[in-house]
Every structure is written in C-alpha cells, then in structure tokens.
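Worksheet: one structure, shown below.
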Protein chains: 2
Amino acid sequence: MDTTFPDIRSFGGAAAFLRACKPRTVLGIFTNKWSGLVMGALLDGPRRFNELRRILDGLTQKVLSQTLRNLERDGLVTRTVYPTIPPRVEYELTELGHSGVGVLRAIGDWAGEHADDVIAARQAYDERAREPVKPV
Amino acid sequence: MDTTFPDIRSFGGAAAFLRACKPRTVLGIFTNKWSGLVMGALLDGPRRFNELRRILDGLTQKVLSQTLRNLERDGLVTRTVYPTIPPRVEYELTELGHSGVGVLRAIGDWAGEHADDVIAARQAYDERAREPVKPV
DNA sequence: CAGTATCCATCTTGATACTG
DNA sequence: CAGTATCAAGATGGATACTG
C-alpha cells in the first residue's frame, strides 16, 4: 500500500518538511481565499480589472489587486497593459493557470460531494459537546 | 467546454457565493496549514497523541490538539479514549478522512509537478520588479 | 500520557481615501 | 480605468507554563 503521501519522516519532522519541501512553497495558491474565485472568473477568457470586480462583486480593489498580482507572480495569470487612454489592462490565465484550475476543480468536486457529510459531522460533534456524558 | 467551475455569477457575486455555497464552508480542511500533514501521519493506521507529536516534530501541543479537534469535528478523524492509567487516546482516519487524503494527494501532485515552474515565475517576476531602479 | 490556559507575534482581510 | 496608500480588525500560529 502507498503510504508516502506527505512522507514527513524522511524530512526529519514537520518543521523541516515545511522548510525544505519545494512543493509546499507553492500551496499558497490553493489556500488563498480569493485565488480560486478569480481564476474561475478568468476561465471564459481575458478580463479587465473592473470587469472582474463586477463579476466578483464583494472584493475590494485592494484585495482583487493583490490577488491578481500574486497570481501573476506565480505564473498563473498574465497581465497585459494596452497603452491607451484610458488605460486598458487585461488578465488571462496561462497554461499553468489552467492546469491549476484542474486542481481547484478537484477540491471543489470533493467539497461538493462531501459537504453534507462534513456539515452533519459538525452538527453531531457540537451537539455531543453540549450534552452531558451519557452513562454506559 | 465546461466553464462552470466556480459559477459565481449564478450566486450574485462573490460575497453571496461565499455565504451561500455549502461546499465552500468545507474548504478550511484543505487550507489549514497542518491538517494535511496530520492526516498524512495517520495513513498507516491509528496513532496516539504523543506519537503524532514525534512524527510531526515541530508542532506544539496546542496546535496538534487544535488540528485534531477540527479534524474530528469535521468527521475526518475519530478519537478513541481507552480509560486506562495512564490514559491512552488513539486517532484514526475515517472513510471520509481517507477520501479527503485523495484530494490532498491531488494538490500535492500538482504542486510537485509545477513547483519549479512557479518558483521560476516568481524569480522572473521579482527580477523584473527590480529593473526600473530610479535615482532619488 | 494527553491534554488546557495564557499571552503574544504575524499574517490575512478589509474599509476608506487618494492618484496617474 | 486601473490601480496604490494607509490604517484597523480579526483570524491564525506559536511559545510557554500548568493539570487530571
């Protein structure tokens, strides 16, 4: 059986693992609150800044700006400036970005399939915590 | 082509999406810093608390305790107390937990395959940012 | 052994205002 | 239009000490 998933022991502990493991440095892409949503909004093609703001209603300019800059820095999104007046900037998923969406989709699929299980488990746990200990 | 991944528009904006989308409430499992590592440490079978501490060297008791409690609450891990002296507590992945590891593996695989691309993109981006050095 | 309690550092998110 | 700057708040992570 395959038991190598995180394989922390070969790194000498979790702390060392976090430091040494290159893939781990990349995980921020998927743990970020907005990255996935922004990438999803780019699936249909290039989008302008305020276009994204409208689609993703609820993000402040700052957060959208930050998210896009991080995605650009990680090579998941390209930023193209057209030197017109007024300025026109388009964001578009790269190949790498599209492949990343695949992972996002896998996460989303699991969440969709099992959300009810998890929510039920949470309710059961919270109710157990409120009740006194049942005698055996 | 499938373009329905986050499908934010059908929710009326990202803010509403985050509130209404049940799967989204479950994503914390994968965005947590330690959950994946702890679940990985449970792949080989049940583990005791301090056993996990040794495997995951670097976690404090508090963080391990918190992580395990969250995993238990979400139904991914069971906690079994043996009323011996000294106390013996064992943690074990549930079926749901094992299926969650599958997602973690997908994330890890992508990260492993593309970490170098992302790291290279970051370096390129950071170097571009340093170029236009203007004298003060 | 298996935790809790406390206190603090940091990181992320966000509201608001301003700019080329 | 497409951003940046500033400040504040909250979540998260962690070091240390104590307990049944």
Side-chain angles (χ1 to χ4, degrees), chain A residues 13-19 24-25 27-38 41-42 46-74 77-92 129 133, chain B residues 13-19 24-25 27-38 41-42 46-73 77-92 129 132 134:
Chain A
F17 175 74
L18 290 179
R19 263 183 280 105
R24 187 85 194 185
T25 67
L27 254 46
I29 295 164
F30 305 110
T31 66
N32 182 276
K33 183 171 178 182
W34 298 109
S35 297
L37 253 24
V38 172
L42 291 171
R47 297 280 182 195
R48 301 175 63 174
F49 188 84
N50 278 335
E51 205 174 355
L52 289 171
R53 280 204 72 194
R54 277 191 298 278
I55 296 173
L56 304 163
D57 182 37
L59 273 80
T60 61
Q61 283 176 316
K62 180 195 156 189
V63 171
L64 178 56
S65 178
Q66 260 179 7
T67 304
L68 285 168
R69 218 182 312 119
N70 287 332
L71 290 173
E72 187 196 356
R73 189 170 105 97
D74 287 347
V77 159
T78 56
R79 177 177 183 272
T80 310
V81 182
Y82 300 92
T84 59
I85 296 174
R88 175 190 182 86
V89 181
E90 282 191 348
Y91 296 91
E92 186 169 16
V133 181
Chain B
F17 175 76
L18 290 179
R19 264 182 279 105
R24 187 85 194 184
T25 68
L27 254 44
I29 294 163
F30 305 109
T31 65
N32 182 277
K33 183 172 180 181
W34 298 109
S35 297
L37 253 23
V38 171
L42 291 169
R47 297 282 183 195
R48 300 175 63 175
F49 188 83
N50 278 335
E51 205 173 354
L52 288 171
R53 280 204 73 195
R54 277 190 299 278
I55 296 172
L56 303 162
D57 181 38
L59 272 80
T60 63
Q61 284 176 315
K62 179 196 157 189
V63 170
L64 179 56
S65 178
Q66 262 180 6
T67 305
L68 286 167
R69 218 181 313 118
N70 287 332
L71 290 173
E72 187 196 356
R73 189 170 106 97
V77 159
T78 57
R79 178 177 182 272
T80 310
V81 182
Y82 299 93
T84 59
I85 296 176
R88 175 189 181 84
V89 180
E90 280 189 350
Y91 295 90
E92 185 170 16
K134 287 168 69 177

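For clarity, every value in this text was computed on a predicted model and none was experimentally measured. Values below: every heavy atom of this structure, side chains too, minus hydrogens, waters and symmetry copies. Chain A is the first sequence line, chain B the second, and so forth, proteins listed ahead of strands; every chain is numbered from 1.
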For residues 79-86 of chain A, dump all side-chain donor-acceptor pairs below 3.5 Å to protein atoms at least two apart in sequence or in another chain.
| unit_1 | atom_1 | unit_2 | atom_2 | d |
| --- | --- | --- | --- | --- |
| Arg79(A) | NE | Tyr91(A) | OH | 3.3 |
| Thr84(A) | OG1 | Pro86(A) | O | 2.8 |

**OP:** Could you check which of dG13(D), dG14(C), dC1(C) has an atom nearest any side-chain atom of Val63(A)?
**Re:** dG14(C)

Original post:
Can you tell which of dA2(D), dG3(D), dG14(D) lies closest to the side chain of Ser65(A)?
Top reply: dG3(D)

Original post:
Which part of the nucleic acid, if any, lies within contact of Arg53(A), taking any heavy atom under 4.0 Å across all strands shown: a base, the sugar-phosphate backbone alone, or nothing?
Top reply: nothing

**OP:** Would you mind classifying the nucleic acid contact of Tyr82(B) as base, sugar-phosphate or nothing, using non-hydrogen atoms under 4.0 angstrom?
**Re:** nothing

Original post:
From the list dC1(D), dA15(C), dG14(D), which nucleotide is the closest neighbour of the side chain of Thr60(A)?
Top reply: dA15(C)

Original post:
According to the Watson-Crick and G-U wobble definition with distances under 3.5 Å, which dot-bracket string, read 5' to 3', encodes DNA chain D, using [ ] for crossing pairs and | for pairs with another strand?
Top reply: ||||||||||||||||||||

Original post:
Do any side-chain nitrogens or oxygens of Lys62(A) fall under 4.0 Å of OP1 or OP2 in dA17(C)?
Top reply: no

**OP:** Specify the separation, in whole Å, of atom CG of Asn32(B) and atom P of dT12(C).
**Re:** 14 Å

**OP:** Would you please confirm or rule out a distance under 4.0 Å between OP1 or OP2 of dA2(D) and any side-chain N or O of Arg48(A)?
**Re:** yes

**OP:** Would you kindly give the CD-to-P distance between Gln66(A) and dT12(C), to the nearest whole Å?
**Re:** 9 Å

Subject >> Whole angstrom value for the distance that separates P of dT6(D) from CD of Gln61(A) >> reply: 16 Å

**OP:** Mind checking Arg79(A) for me? I need base, sugar-phosphate or nothing, with any heavy atom below 4.0 Å counting as a touch.
**Re:** sugar-phosphate

**OP:** Verify the contact: side-chain N or O of Trp34(B) to OP1 or OP2 of dT12(D), cut-off strictly under 4.0 Å; return yes or no.
**Re:** no

Original post:
Should Tyr91(A) be listed as having a side-chain N or O under 4.0 Å from OP1 or OP2 of dG3(D)?
Top reply: yes

Subject >> Candidates dA2(C), dG3(D), dA15(C) - which lies nearest the side chain of Val89(B) >> reply: dA2(C)

